[in-house]
Amino acid sequence: MAKTEKILERIEELKSQTGVPRTLFAVCPNSMSVIKASFRAAKRNNAPIKFAATLNQIDSDKGYVGITQREFTKLLADEARSVNFNGPYIVAIDHGGPWLKDKQSQERWDLEKAMAGVKKSFEDAIEAGYDLIHVDPTVDIFVPAGEIIDIRIVAQRTVELIKHSEEFRRQRNYPAISYEVGTEEVHGGLADENTFDTFIELLKTGLEEEGLPEVWPCFIVGKVGTDLHTTTFDKEMATTLAQKVRKFGSYIKGHYTDGVVNPDDYPICGIGAANVGPEFTISEYDALIELEQIEKALFRQNQIAVLSNMKKTLWELVVESNRWKKWLQADERDIPFENISAERKEWLIKTGCRYIWQNPKALVARYRLFENLKRNGIDAEEVVLSRIEHDMDKYFNAFNLVNLNDYLL
């Protein structure tokens, strides 16, 4: 049995004994600070943690975080050791599918090339020791605008990618891994319950036909009311989907849990795990701006010679990257950045910082900010990490994960 299934099975056993439901907390590792803060928070809460990395973030070409899959697993092991974290952690690919990597969609790779690229990424992840792969072929850039990809194609490509991963893994005697399938996105075609049911049946049949009846996803992503622009978790829909997939031995996985107003409802509704990502980019940004305000006050007191210009640098780099355009709403797509509302501009910058944290100009600004404050007795990195950890703590508590490691080890 794979690691993730073992943890889920133990959580289910504990629930039957104590009546306490739990939801695994998955962090999107979109910066070095978030990775470091994750282990510190998991250590303090004595809880397991999952890392769900998209191929835009971490991949064979290093992604915007600047590391490969093998470097990622080594980094996680180092960070765990640095805080003496001995609990379980899960390493996963998030949204692994053709054209979900920006480079593929921007360069308009054809299907064969896009699928080959995803398969190579999966191979590198398996070799690096990943525990789980989210197989998500729910995007097709060649489907006409306004149309939705055929759910039969989604199922067929899902089976193809799982089959390739299993053959690669078994031929090289790598440990068993877990799978996650589906998407919460409307463009993925799994937004309504009937299509959701059809997908599950097609997936089951497809895996059986490929001689893989024992391979089944532990997580199926469901549309539970959350996306990047909403913060309300739909309890009724989530409960319905959770009950539906439990019959197949799976759990519903929630995505876009960032800033959700009712995280306590996730375990109650039977959600197996939930992803949080851009929220921690905002946490990191807010902490840096807080530190810059202190820096400016010290500058006015002649305690600092040269300012870092942290905020100015971040805004310029995000705008120049053009990656904020990916998250524009329909009524914003033909508007210059400077004409977007102040509230939306700030959101686009804050969440868009994840794409440029590793840019040399951003690193230099951060170094200067931290050094300026260090000379004045302030541990800037500690402030940043503490802010991120604070925002993570609510999920460890809401998902009933505190001290869970005592029962897993």
Side-chain angles (χ1 to χ4, degrees), residues 4-28 45 47-50 52 90 92 94-95 132 134 136 178-186 188 190-200 203 216-279 391-404 407-408:
T4 307
E5 275 87 351
K6 288 180 181 178
I7 294 173
L8 291 169
E9 184 179 83
R10 181 60 179 145
I11 287 174
E12 201 66 31
E13 289 175 357
L14 292 169
K15 180 183 175 183
S16 66
Q17 295 167 11
T18 66
V20 178
R22 292 178 170 89
T23 297
L24 289 175
F25 171 40
V27 170
C28 298
N45 286 285
I49 191 164
K50 179 184 175 193
I90 298 166
D94 188 33
H95 290 296
L132 182 146
H134 177 198
D136 180 14
S178 304
Y179 293 97
E180 173 181 336
V181 299
T183 183
E184 73 295 336
E185 302 281 7
V186 173
L190 297 183
D192 67 83
E193 200 172 334
N194 290 334
T195 308
F196 188 91
D197 292 342
T198 301
F199 173 74
I200 290 176
L203 179 63
W216 187 252
C218 61
F219 294 127
I220 300 176
V221 182
K223 190 171 180 63
V224 292
T226 56
D227 60 37
L228 267 182
H229 307 295
T230 63
T231 56
T232 302
F233 171 68
D234 188 333
K235 295 186 290 183
E236 184 177 347
M237 177 58 75
T239 301
T240 298
L241 293 177
Q243 292 172 350
K244 188 186 297 291
V245 303
R246 281 306 294 138
K247 294 183 294 185
F248 297 93
S250 302
Y251 294 86
I252 287 294
K253 174 84 171 296
H255 284 210
Y256 294 126
T257 310
D258 309 79
V260 71
V261 296
N262 52 334
D264 305 72
D265 288 327
Y266 277 66
I268 295 171
C269 296
I271 301 301
N275 287 5
V276 185
E279 177 179 348
D391 292 337
M392 289 179 173
D393 284 346
K394 67 181 177 185
Y395 295 106
F396 284 110
N397 282 279
F399 294 167
N400 297 323
L401 297 174
V402 177
N403 289 324
L404 176 58
Y407 302 95
L408 295 179

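This chain uses plain numbering: 1 for the first residue, then up along the sequence. The figures that follow rest on heavy atoms only: side chains count, while hydrogens, waters and symmetry mates do not.
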Contact check, side chains of [X] and [Y], non-hydrogen atoms, under 4.5 Å:
{"X": "D391", "Y": "V276", "result": "no"}
{"X": "K50", "Y": "L24", "result": "no"}
{"X": "L404", "Y": "I11", "result": "yes"}
{"X": "T257", "Y": "F25", "result": "no"}

So how far is it from [X] [atom1] to [Y] [atom2], rounded to the nearest 0.5 Å?
{"X": "F233", "Y": "I268", "atom1": "CZ", "atom2": "CD1", "answer": "9.5 Å"}
{"X": "E180", "Y": "H95", "atom1": "CD", "atom2": "NE2", "answer": "7.5 Å"}
{"X": "I90", "Y": "L132", "atom1": "CD1", "atom2": "CG", "answer": "7.0 Å"}
{"X": "T23", "Y": "Y251", "atom1": "OG1", "atom2": "OH", "answer": "10.5 Å"}
{"X": "K15", "Y": "E12", "atom1": "NZ", "atom2": "CD", "answer": "5.5 Å"}
{"X": "L401", "Y": "R22", "atom1": "CG", "atom2": "CZ", "answer": "7.5 Å"}

Locate the shortest heavy-atom distance separating [X] from [Y]; write the atom from each residue and the value.
{"X": "A26", "Y": "A52", "answer": "CB-CB, 4.5 Å"}
{"X": "G277", "Y": "D258", "answer": "N-OD2, 2.7 Å"}
{"X": "P267", "Y": "D264", "answer": "CD-O, 3.4 Å"}

*Is R10 salt-bridged to E13, going by a charged N under 4.0 Å from an acidic O?*
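A salt bridge is present here (some side-chain N lies under 4.0 Å from a carboxylate O).
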
*With D393, which residues qualify under side chain to side chain contact (heavy atoms under 4.5 Å, CB included), at least two apart?*
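In terms of side chain to side chain contact (heavy atoms under 4.5 Å, CB included), with neighbours along the sequence ignored, D393 is linked to A41, R44, N45, F396, N397.
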
*Going through the checks in order, is the side chain to side chain contact (heavy atoms under 4.5 Å, CB included) test met by V20 and L14?*
CA-CA 7 Å; V20 178; L14 292 169; over 6 Å; no

According to side-chain hydrogen bond (donor to acceptor under 3.5 Å, both in side chains), who are the partners of [X], at least two apart in sequence or on a separate chain?
{"X": "N400", "answer": "none"}
{"X": "D197", "answer": "K244"}
{"X": "S178", "answer": "E5"}
{"X": "K394", "answer": "E279"}

*For Q17 and Y407, test the side chains for any donor-to-acceptor distance below 3.5 angstrom and give the result as yes or no.*
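No, no side-chain donor-acceptor contact under 3.5 Å.
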
*Ignoring hydrogens and geometry, is there a side-chain-to-backbone donor-acceptor pair from W216 to S250 under 3.5 Å?*
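Side chain of W216 to backbone of S250: no pair is present.
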
*Ignoring hydrogens and geometry, is there a side-chain-to-backbone donor-acceptor pair from H134 to G182 under 3.5 Å?*
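Side chain of H134 to backbone of G182: a pair is present.
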
*For a side-chain contact (heavy atoms from CB on, under 4.5 Å) with I252, tell me which candidate from L241, T240, T239 qualifies.*
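Among L241, T240, T239, the one that satisfies the side-chain contact (heavy atoms from CB on, under 4.5 Å) with I252 is L241.
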
*Partners passing ring-ring contact (aromatic ring centres under 6.0 Å, His included) against F399 (at least two apart in sequence or in another chain)*: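 Once residues adjacent in sequence are excluded, the partners of F399 under the ring-ring contact (aromatic ring centres under 6.0 Å, His included) criterion are Y266, Y395.
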
